[in-house]
Amino acid sequence: MDISLEEAIKKHALPYQSAEDLNRIVEAIGNSKIVLLGEATHGTSEFYTCRAQITKRLIQEKGFSIIAIEGDWPPTYAVNRFVKSDDYTEQNSCDVLQVYNRWPTWMWANEEVADFIHWLRLHNAKSLLKTGFYGIDLYSLWESLDAITHHLSATSSSRSHLALEAALECFKPFNRNPDKYAMSSTRLTNRCIEEVDKLRVALRNDEALYQDEQETALSLKINALVVKNAEDYYSASVRDDALSWNIRDGHMASAINEIRDFHGRDAKIIIWEHNTHIGDARATDMRREGMVNVGQLLREQHPNDEVFSVGFGTYKGSVIAAKSWGDRFENMHLPPARLNSWEELLNRTGAHDKILLFDKANYSLFNRWVGHRAIGVSYHPEYEAHGNYVPSKIAQRYDAFVFINETKALTPLPIEKPLL
């Protein structure tokens, strides 16, 4: 039956009026072990709160015990320790989120995340199966080197110490500035490839570092992975955008697999990232550019029934973003979505929130090209009509979609010492 996307939405969209309506998504997830929850912006309150609602249900009802976010490992590992700690004299959730002091701080240092972290800490206090909270991004080159240094300070392994000292010496001239390293790395003699490779091999083969069964061993492995892949990413970032994107998403997929290996492959994981990372890249124009993403890689690596992806979108409202990289964030007006885009069609079929589930019965109806809104940390509302839309086949990109017609900006926490 050949019907328009507008007609298909009218026929298959489900109302989303309360948290109870999320039952349909939880049911559709079934026995999946990997659930990816997206967002169309990094600054929308409802995306964070809805993801949190689904996540709570999956933890309580389906035994999920790992959350991985589009954040760096070192600060997120501090949050992980907080949510698993039995020491209730420690700081509160808003205080602990001060660790997210790298720009864009608002992505994880916000009231919506603080509320979820508070809930997770209380849940873990009552649960035998504690849920972890981990970062899978790779921007923390120097912070990860610091973490490795701290870990090795308690050991006497000469091979690992020598490899670490060589890596630290190589990176020292760049004064902890990734942009400076990236520009310098255009001359191959200035890259630290050999040093980070030797460091990772030394750490991997140093059995003395992995005697205990605590998560410090996992942390050491992930930090070593970050150092290796961050060096590669920053070097590629000044040469090839598609290559640097692939290095970053490849790293995040590897970090996810490393975490699952540590906890056991039967452990169930929830991943919080932007739609551009969790929605299968093969269903977008990214494919023509030779780009892959986390959603694609995980689908390729695991059986279809183990991976479930949920996209999110909005028609209008407000959003936290900055005009340029490193600028102060603003509460910006989010204009109505572009005519004939996925989000405009969802609004046109009724200006209310909706849920769509894609299955064999309706897959072909939603497997056609349409512009799909995507807003990053840098945003110019005045140019909305000329960009911010990714050509996508929605049913191939996601297994389900949550549409919130009008959204509001999230609430950032004040950060005492923000870093670029």
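These values consider heavy atoms only, across backbone and side chains, with no hydrogens, waters or symmetry-generated copies.
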For [X], all residues meeting salt bridge (Lys or Arg N to Asp or Glu O under 4.0 Å), sequence neighbours excluded:
{"X": "D21", "value": "none"}
{"X": "E273", "value": "none"}
{"X": "E20", "value": "none"}
{"X": "R51", "value": "E39"}

So, [X] and [Y], do they make that salt bridge, N to O below 4.0 Å?
{"X": "E7", "Y": "K11", "result": "no"}
{"X": "K221", "Y": "D261", "result": "no"}
{"X": "R248", "Y": "D232", "result": "no"}
{"X": "E112", "Y": "K408", "result": "no"}

For this session: Check the surroundings of atom NE2 in H302: do more than 12 heavy atoms from other residues, nucleotides or ligands lie under 6.0 Å from it?
Result: yes
Are side-chain N/O atoms of [X] and [Y] paired as donor and acceptor at under 3.5 Å?
{"X": "E344", "Y": "S341", "value": "no"}
{"X": "S235", "Y": "E231", "value": "yes"}
{"X": "R348", "Y": "N340", "value": "yes"}
{"X": "E258", "Y": "Y134", "value": "no"}

For this session: Could you pull out all residues at least two apart from A19 that satisfy side chain to side chain contact (heavy atoms under 4.5 Å, CB included)?
Result: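 Here the qualifying residues are Q53.
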Problem set entry | Test ring pair (Phe, Tyr, Trp, His ring centres under 6.0 Å) applied to W272 and F116, Y48, F312, the passing residue | F116
Exercise. Do T76 and Y100 pass the side-chain hydrogen bond (donor to acceptor under 3.5 Å, both in side chains) test, and can you show the C-alpha distance, the side-chain angles, and the key distance before you say yes or no?
Worked result: CA-CA 8 Å; T76 311; Y100 293 111; 2.9 Å; yes
Less than 4.5 Å apart, side chain to side chain, heavy atoms only: is that true for [X] and [Y]?
{"X": "L36", "Y": "V307", "answer": "yes"}
{"X": "L346", "Y": "F401", "answer": "yes"}
{"X": "I270", "Y": "I66", "answer": "no"}

For this session: Write out all pairs satisfying salt bridge (Lys or Arg N to Asp or Glu O under 4.0 Å) with one or both partners inside residues 25-38, taking only residues at least two apart or from two chains.
Result: K33-D266
Exercise. With sequence neighbours left out, which residue pairs that include part of residues 384-395 fulfil the salt bridge (Lys or Arg N to Asp or Glu O under 4.0 Å) condition?
Worked result: R373-E384
What residues form a side-chain hydrogen bond (donor to acceptor under 3.5 Å, both in side chains) with [X], not counting sequence neighbours?
{"X": "T49", "result": "none"}
{"X": "K62", "result": "none"}
{"X": "R282", "result": "D280"}

Exercise. Of L37, V35, I34, which meets side chain to side chain contact (heavy atoms under 4.5 Å, CB included) against I271?
Worked result: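 Of the listed residues L37, V35, I34, the side chain to side chain contact (heavy atoms under 4.5 Å, CB included) partner of I271 is I34.
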Problem set entry | Plane angle bin for W73 and Y77 - parallel if under 30°, tilted between 30 and 60°, otherwise perpendicular | parallel
For this session: Report the relative orientation of the aromatic rings in Y233 and Y139; use parallel for angles under 30°, tilted for 30 to 60°, perpendicular for over 60°.
Result: perpendicular
Problem set entry | Partner set under disulfide bond (SG atoms under 2.5 Å apart) for C94, not counting sequence neighbours |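 Counting only residues at least two positions away or on another chain, C94 forms no disulfide bond (SG atoms under 2.5 Å apart).
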Exercise. Of H372, R368, R397, which is the lone residue that meets side chain to side chain donor-acceptor pair (under 3.5 Å) with S392?
Worked result: R397
Let me have the donor-acceptor pairs involving side chains of residues 287-295, under 3.5 Å, with sequence neighbours excluded, atom names and distances please.
| residue | atom | partner | partner atom | Å |
| --- | --- | --- | --- | --- |
| N293 | OD1 | A281 | N | 3.2 |
| N293 | OD1 | G295 | N | 3.4 |
| N293 | OD1 | Q296 | N | 2.9 |
| N293 | ND2 | T276 | O | 2.9 |
| N293 | ND2 | H277 | O | 3.3 |
| N293 | ND2 | G279 | O | 2.5 |

